[in-house]
Protein chains: 2
Amino acid sequence: MVSLAPKYRPMQRVFEALASSVRRQILAYLSHTELNAGEIAARFAMSKASISQHLSILEAAGLVESERRGQFIFYRQVPDNLVNALHGFVQEACPKGRPLKRESAALAEKGSRTDNR
Amino acid sequence: MVSLAPKYRPMQRVFEALASSVRRQILAYLSHTELNAGEIAARFAMSKASISQHLSILEAAGLVESERRGQFIFYRQVPDNLVNALHGFVQEACPKGRPLKRESAALAEKGSRTDNR
DNA sequence: TCGTTGTTTAGGAAATTTGCTAAATATCGA
DNA sequence: TCGATATTTAGCAAATTTCCTAAACAACGA
């Protein structure tokens with residue numbers, strides 16, 4: 001009988017955000033550069049309104065942040081947050097001795113734990 | 001205009017599987033040991049039928065595998081698959097120069113790429 | 001073989017997600 | 001200030017997810 005984490009916990013929001021391939025693709029675009037909402041929307045066969053909604057979900061999950069500059073609103077990844085969330089998860093869910101687990105453990109050792117779980 | 005990956009692609013199934021906190025918790029339980037369906041269900045305030053459904057989603061995503069031994073059906077994590085899926089994702093979606101990214105790149109260098117993307 | 005235990009499948013209701021169009025808000029440039 | 005451009009918010013329909021109960025299936029032990 002585990003008491004499950006409430007829905008609003010950071011970890012939950014992150015994984016819900018990552019469940020959509022559209023949102024994962026947006027994150028991939030933002031891994032190289034920042035882009036404004038229109039530039040992002042132009043890369044999908046979907047209305048701007050829908051992309052805007054996806055962006056707000058990514059933002060609520062703490063994975064991206066936005067900044068208005070003049071007429072445009074630019075989006076960029078929040079550094080570390082995605083890594084930290086995945087790291088926290090891998091910590092609990094990956095079998096011991098697996099590569100990513102070992103790497104994450106090493107990472108944890110070094111400090112800099114923001115603990116997104 | 002990106003052509004999004006079809007829904008049945010491994011990566012998509014993995015992230016859909018991870019979107020549920022129940023399923024992530026199951027993975028966490030299975031990281032230490034294998035458990036039969038009843039033992040897993042006993043840890044949640046939820047019907048056995050529902051847990052069975054969650055298990056089948058995890059199995060369809062390739063994250064766990066099951067084996068009947070007599071009266072019981074045992075579940076265990078499929079080694080590497082979770083790590084590989086996350087690794088593939090991090091590869092595309094995490095900003096360059098971030099810790100996990102560098103670690104993953106090093107991992108990729110070593111070969112053993114199953115490429116779950 | 002029968003009854004019991006372990007697990008899944010079937011069917012359905014409630015909640016959530018996803019996409020759309022239309023309308024609202026914000027900024028720019030003339 | 002007006003009109004055009006950029007983006008979000010509102011409201012809604014369709015699809016999906018999640019959980020439940022009841023029934024079916026599988027294996028054990030007497």
Side-chain angles (χ1 to χ4, degrees), chain A residues 1-9 11-27 29-30 34-61 63-76, chain B residues 1-9 11-27 29-30 34-61 63-76:
Chain A
M1 295 294 182
V2 72
S3 70
L4 290 170
K7 179 148 195 173
Y8 53 84
R9 279 183 70 185
M11 178 90 134
Q12 179 62 21
R13 295 218 192 192
V14 167
F15 277 102
E16 268 168 17
L18 297 183
S20 151
S21 62
V22 173
R23 292 191 291 264
R24 289 196 308 277
Q25 187 65 53
I26 291 174
L27 286 174
Y29 285 134
L30 296 179
E34 63 175 23
L35 295 169
N36 64 52
E39 289 171 325
I40 295 170
R43 287 166 163 76
F44 294 89
M46 194 179 292
S47 74
K48 291 178 180 194
S50 294
I51 292 297
S52 174
Q53 200 176 264
H54 284 300
L55 287 169
S56 79
I57 288 169
L58 286 168
E59 193 160 26
L63 296 176
V64 307
E65 59 194 6
S66 62
E67 180 193 355
R68 176 180 282 276
R69 285 208 293 279
Q71 219 166 349
F72 303 92
I73 298 181
F74 285 87
Y75 283 86
R76 58 175 165 272
Chain B
M1 293 295 182
V2 74
S3 69
L4 288 171
K7 179 151 195 174
Y8 53 85
R9 278 183 70 185
M11 179 91 133
Q12 180 61 21
R13 296 220 191 187
V14 167
F15 277 102
E16 268 168 16
L18 297 182
S20 151
S21 62
V22 173
R23 292 191 291 263
R24 290 196 307 278
Q25 186 65 53
I26 291 174
L27 285 174
Y29 284 135
L30 294 180
E34 62 175 23
L35 295 169
N36 64 51
E39 289 171 326
I40 295 169
R43 287 164 162 76
F44 293 90
M46 191 179 294
S47 74
K48 291 178 180 194
S50 295
I51 292 297
S52 173
Q53 200 175 263
H54 284 301
L55 286 170
S56 79
I57 289 169
L58 287 168
E59 193 160 26
L63 296 176
V64 308
E65 58 194 5
S66 62
E67 180 193 356
R68 177 180 280 275
R69 285 208 292 279
Q71 217 166 350
F72 303 91
I73 298 182
F74 284 88
Y75 283 86
R76 58 175 165 271

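What you see is a predicted model, and the numbers here were worked out from it, not measured in a lab. Below, read A as the first sequence line, B as the second, and so on, with proteins coming before strands; counting in each chain starts at 1.
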Any side-chain to backbone donor/acceptor pair from A:E67 onto A:I73? Under 3.5 Å, distance only. no
Every protein N/O lying under 3.5 Å from an N/O of nucleotides 4-10 of chain D:
{"unit_1": "D:dT5", "atom_1": "O2", "unit_2": "A:Q71", "atom_2": "NE2", "d": "3.3"}
{"unit_1": "D:dT7", "atom_1": "OP1", "unit_2": "A:A37", "atom_2": "N", "d": "3.4"}
{"unit_1": "D:dT7", "atom_1": "OP1", "unit_2": "A:I73", "atom_2": "N", "d": "3.4"}
{"unit_1": "D:dT7", "atom_1": "OP2", "unit_2": "A:G38", "atom_2": "N", "d": "2.6"}
{"unit_1": "D:dT8", "atom_1": "OP1", "unit_2": "A:Y75", "atom_2": "OH", "d": "2.4"}
{"unit_1": "D:dT8", "atom_1": "OP2", "unit_2": "A:S52", "atom_2": "OG", "d": "2.9"}
{"unit_1": "D:dT8", "atom_1": "O5'", "unit_2": "A:S52", "atom_2": "OG", "d": "3.2"}

So, is A:S47 near the phosphate of C:dC20, with a side-chain N or O under 4.0 Å from OP1 or OP2?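 Checking A:S47 against C:dC20: at least one side-chain N or O falls below 4.0 Å of OP1 or OP2.
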Expressed as a whole number of angstroms, how long is the span from [X]:[atom1] to [N]:[atom2]?
X: B:E59; N: C:dT8; atom1: CD; atom2: C1'; result: 12 Å
X: B:E67; N: C:dT7; atom1: CD; atom2: P; result: 13 Å
X: A:F44; N: C:dT18; atom1: CZ; atom2: C1'; result: 14 Å
X: A:H54; N: C:dC20; atom1: NE2; atom2: C1'; result: 12 Å
X: A:Q12; N: D:dT17; atom1: CD; atom2: P; result: 15 Å
X: A:Q25; N: C:dT18; atom1: CD; atom2: P; result: 16 Å
X: A:R13; N: C:dT16; atom1: CZ; atom2: P; result: 13 Å
X: B:M46; N: C:dT7; atom1: CE; atom2: C1'; result: 17 Å

List for me each residue that meets ring-ring contact (aromatic ring centres under 6.0 Å, His included) alongside A:F15, sequence neighbours excluded, and say none if there are none. A:F89
Checking all strands, does A:R23 fall into the base, sugar-phosphate, or nothing category for heavy-atom contacts under 4.0 angstrom? sugar-phosphate
Below 4.0 angstrom, N of the basic side chain to O of the carboxylate: do A:R69 and A:E34 qualify? yes
With a 3.5 Å cut-off and no angle check, do the side chains of B:Q12 and A:R24 form a donor-acceptor pair? yes
Run the side-chain contact (heavy atoms from CB on, under 4.5 Å) test against B:S52 and tell me which residues pass, sequence neighbours left out. none
Measure from NZ or CZ of A:R43 to the centre of the six-membered ring of A:Y29 and say whether it is under 6.0 Å with the direction within 45° of the ring axis.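 Ring-cation test returns yes.
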